[in-house]
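To keep things clear, I will list the structure first and then write my remarks on it.
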Amino acid sequence: MQLTQEQMDMLNGKYGDGTAIAMKIQVGIGESFGATRMVPITRAHVALSNQEADLWFAEKLLNAGAKCRIAPTVNPGFCLSYFKNAGMVSTENADLMQRTHNAYKNLGAVLSYNCTPYLGSNIPLFGEITAFSESSATPYINSVWGARSNREGANSALCAAITGFVPEYGLLLDENRKGDILVEVQADMKSDFEYQLLGYMGKKIGNGIPVFTGLPKRISPEALMNLGAQLNTSGAYAMYHIAGFTPEAPTLEVAFGGKEPLRRVVITNEELAEILEEISEPGNRKIDFAMFGCPHFSLNQVQEISKLVEGKTLKAEMWILTSSTTKEMAVRMGIDTIIERAGGHIVEDTCPDQPCWNHLNGKIGVTESPKCAYYPKRRGINFVVRNLKESVEAALTGEVR
Ligand code: F3S
């Protein structure tokens, strides 16, 4: 790889050991992907996970003197004050979160603790070169905003934030952003929920960049968020196109760059129903709690729940996970009060895959997100998956159909 003098100086330690470690890792990544140079970035998002390995890496760079040149936004861990006050977290796990907070703070990150930065706090422009990790974030910024990022890991995105550069390969290059697989959607996409199920068809869609056809003319930001999040739960996708909708796919021909698709896949209503059955615990049972906001709920989604529960009382506990800015807006608008009165909670900065939920081990929840149902399984927490209205209804009655 050809490095500039500044990049060579970073590699050789002129900017400190932490920056040298970050650059060394990036040069290794670049060489393994055949990159010939490094290019500057203007934004980054680090999918911090608040797990031991994530903390080890962040502290290693910090202790070696690293500081972010490009302040990255970061993913959720859990809201220390909420879970400590509620007595839901052990001292050991609270310490882990506190150390994660300290490490990223001292590295110079934007402590957003939110996994949907592309809807508010970190929105790139068309063509902007960035380093984004996080399952729904990378496909959203590539596909919907037309910005450029490879499917970074939390660690490589942090290295990029520290050096301010990324190796140029993959989706940073025009020729690698064309579609590979034609996905003809014949299913009825009635609500944002069907995009959760469509995204979970990764096994059938297979490797490559999918180009979707047959989708409605208007698709909500939340539906696109769901699609990306679930594509990266059932598979690995940094980008997709929607013919006639996303910016690099004004037509099918442009989306494929004049090539023939490698594969053609058809998705029907029956297949969406089958995938729902596969990912969900069986219905017709009592549930212990409801959890929404994986990925973090938008203000629209929080408002939708408030309308469904206004003046009623929940039989099951309900948590709605969101960003601190959405939570603040919900407080200002009185939405938070409506939900609290019904017995639910809007919780900021928090992800379902965190030790703060260990007390739910052995319990059954309801959610509208297959991703929310997938990750907490390893903590012994299982979910029935239903659309948002049915899930809220289940929380109100304590039973799911
Ligand atoms: Fe976000 Fe955590 Fe879900 S990072 S997408 S809330 S698993």
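All ligand and atom numbering here is 1-based and tracks the order in the structure.
When the ring pair (Phe, Tyr, Trp, His ring centres under 6.0 Å) test is applied to F33, the partners found at least two apart in sequence or on another chain are Y169.
For a distance threshold of 2.8 Å, the protein N, O or S atoms nearer than that to atom 2 (Fe) of ligand 1, listed by chain and number, are C351 SG.
With 3.5 Å as the limit, one finds no donor-acceptor pair spanning the side chains of N114 and S323.
Contact annotation: the side chain of D17 never approaches that of N63 to less than 4.5 Å [non-hydrogen atoms, C-beta and beyond].
Ring centers of W145 and Y118: at least 6.0 Å apart, outside the cut-off. Remark: aromatic rings of Y375 and W357 are distant, center separation not under 6.0 Å.
No option in M239, R177, E128 other than R177 meets the side-chain contact (heavy atoms from CB on, under 4.5 Å) test with R148.
Those atoms of ligand 1 with a heavy atom of E134 less than 4.0 angstrom away are 4 (S), 5 (S).
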